[in-house]
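Reminder, nothing fancy here: chain letters follow the sequence lines and each chain counts from 1. Just so we're clear, the structure is a prediction, and the values are computed from it rather than from any experiment.
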Number of protein chains: 2
Amino acid sequence: MTTEAAIIHSPIWRSPITSADRVLHEIQRAIVAGDIAAGSKISEPELARRFDVSRAPLREALARLERCHLIERTPNAGSRVVTLSTAGLQALYQIREELEGLACRLAATNMDEHEIEQLRQLLDQHLTSQRVREGESYYQEAGDLDFHYRIIMGSKNPYLINMLCDELYFLVRMYRVQLGMNGPRVSRAFDEHKAIINAIANRDGELADLLMRRHIAASRGNIESKLQQLGK
Amino acid sequence: MTTEAAIIHSPIWRSPITSADRVLHEIQRAIVAGDIAAGSKISEPELARRFDVSRAPLREALARLERCHLIERTPNAGSRVVTLSTAGLQALYQIREELEGLACRLAATNMDEHEIEQLRQLLDQHLTSQRVREGESYYQEAGDLDFHYRIIMGSKNPYLINMLCDELYFLVRMYRVQLGMNGPRVSRAFDEHKAIINAIANRDGELADLLMRRHIAASRGNIESKLQQLGK
DNA sequence: TTTAGTTTAATTGTCGACAATAAAATTGAT
DNA sequence: ATCAATTTTATTGTCGACAATTAAACTAAA
């Protein structure tokens, strides 16, 4: 999957050379996957031992985990992993709709032909790999996220890229992964993606914006129903 | 001025109990004011001595300064204060338009009558204090920012509040302060503010959104002309 | 004189220990 | 037995020193 490649950029990620980066990477993965339970308290000494680092780089990592809304820190009290809720999901997706809509509008004018072509190719290979393994659509997940990443990059707006990819998307992934969002929306999402690409290729930013908002709203609806289906 | 009060909230600010918070506060002020020059390199040992703290809380502060886009860090290389540019201003204000537009739409449905009344009062006292001291409109600056803060808070969306107030607004203030944005747009801004409040009071989110976008676009135009007027 | 390579110096990243604060446990009183 | 106050424990925040990396200075060769 190419998701990993798409994630690499700017402040939060750089290349995991430093040990703070490494431990950040691992904890992010653990929280998103639910290995560190949502709502659980975080013990600095414990995590430091667990990932075999001192508290200094660990705290650096915690600072950045707070930045991408995966934990909440209160001074002199400690950190907690965030909890997933309907209200939180709605607040998150309100922003996402708005910012990714903007990303589409900007991408429609700022992406060059080559980038658009690459986006098309991504969608194609995405389609074939999905047809091959119909049930196991973790790859679909990754492919979908990759699609969104590309468009966000295509906006060429550094602040927008930073906010969406570094600060919001981990939480989005956390909702999707922990609620088992892998199922039936696959083929419909393909069509929506295709339509968005066409709009961008036609340099119709307004339309791409509108389609992206609908696409995200639909995605939110899905997660929302799953959320209240599982209580809370 | 009430700006200080409006700033206090959520992750970045809490109450400056810890020394990392204190030094963050001071450095933010220094960078926004230009006391630490834009584009200059940051020396951790030097700043640590200057603000009389160890490097540990200083680095905590640097992490949060990166978060609000006032410095840029590269691993093993150090930190630089950001530089102001037309491209950066445009990218920043693209986001601002979008998010504050959203804030207006949300505020139109989420602010209660009391909050709207307070907003009206703010504008009035803002008007009188401006008529008193026509030339020195630093207070106007603060008043304007306060106006925007209130609406953002009125959206009741925690992510939106965090992004705008904690991550974007320091940079906005940096542009305004360092380019001496205090002058002639005062009375026009009043009318625009008034119109936005009316739209919100009428629960007309669409209109408030539109007006806010125009208001911010006008503000950007002002700063933009000043920027290229001073070279670069 | 310029450029490449090497050495030196300075800066950043990390560590372990201590201080200050908050949570937990214990004690005492009603 | 319950609640309040106090002691104890544990956790977070801070410090100074060391290790690793990078940038600067210097030397030497073309």
Could you check whether A:Arg64 pairs with B:Glu66 (Lys NZ or Arg NE/NH1/NH2 to Asp/Glu carboxylate O, under 4.0 Å)?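 Here A:Arg64 does not pair with B:Glu66 in a salt bridge, since their nearest N and O are not under 4.0 Å apart.
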Nucleotide nearest [X] (side chain, heavy atoms from C-beta), chosen from [options]:
{"X": "B:Ser54", "options": "D:dC15, C:dT12, C:dG13", "value": "D:dC15"}
{"X": "B:Arg59", "options": "C:dC15, D:dG13, C:dT12", "value": "C:dT12"}
{"X": "A:Lys41", "options": "D:dT11, C:dT12, C:dG16", "value": "D:dT11"}
{"X": "A:Pro57", "options": "D:dT14, C:dT12, C:dC15", "value": "C:dC15"}

[atom1] of [X] versus [atom2] of [N]: gap in Å, rounded?
{"X": "A:Arg49", "N": "C:dC15", "atom1": "CZ", "atom2": "P", "result": "15 Å"}
{"X": "B:Asp21", "N": "C:dT21", "atom1": "CG", "atom2": "C1'", "result": "14 Å"}
{"X": "A:Glu60", "N": "C:dG13", "atom1": "CD", "atom2": "C1'", "result": "9 Å"}
{"X": "B:Glu44", "N": "D:dT21", "atom1": "CD", "atom2": "P", "result": "17 Å"}
{"X": "A:Leu24", "N": "C:dG13", "atom1": "CG", "atom2": "P", "result": "14 Å"}
{"X": "A:Asn76", "N": "C:dA22", "atom1": "CG", "atom2": "P", "result": "5 Å"}
{"X": "B:Ile71", "N": "C:dT12", "atom1": "CD1", "atom2": "C1'", "result": "13 Å"}
{"X": "A:Leu47", "N": "D:dT12", "atom1": "CG", "atom2": "P", "result": "10 Å"}

Hey, can you pull the donor-acceptor pairs under 3.5 Å for the side chains in residues 50-57 of chain B, sequence neighbours left out?
unit_1: B:Ser54; atom_1: OG; unit_2: B:Ala56; atom_2: N; d: 3.3
unit_1: B:Arg55; atom_1: NE; unit_2: B:Glu44; atom_2: OE1; d: 3.1
unit_1: B:Arg55; atom_1: NH2; unit_2: B:Glu44; atom_2: OE1; d: 3.1

So B:Leu58, base contact, sugar-phosphate only, or nothing? Heavy-atom distance under 4.0 Å.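 Answer is nothing: B:Leu58 stays at 4.0 Å or more from every strand.
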Examine distances only and state if a side-chain atom of B:Thr74 and a backbone atom of B:Ala77 form a donor-acceptor pair shorter than 3.5 Å.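 Side chain of B:Thr74 to backbone of B:Ala77, a donor-acceptor pair under 3.5 Å: no, none is there.
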Step-by-step side-chain contact (heavy atoms from CB on, under 4.5 Å) determination, B:Asn157 to A:Gln94: CA-CA 9 Å; B:Asn157 182 318; A:Gln94 279 173 348; 2.8 Å; yes
Would you list the pairs meeting ring pair (Phe, Tyr, Trp, His ring centres under 6.0 Å) in which at least one residue belongs to residues 58-107 of chain A, sequence neighbours left out?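 Listed once each, the pairs are A:His69-B:Tyr159.
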Does a side-chain N or O of A:Thr18 approach OP1 or OP2 of C:dT14 to a distance below 4.0 Å, or not?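 Yes.
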Given DNA chain C, 5'-ward residue of the pair B:Ile42 and A:Arg55, judged by closest heavy atom: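 Its nucleotide being nearer the 5' end, the pick is B:Ile42.
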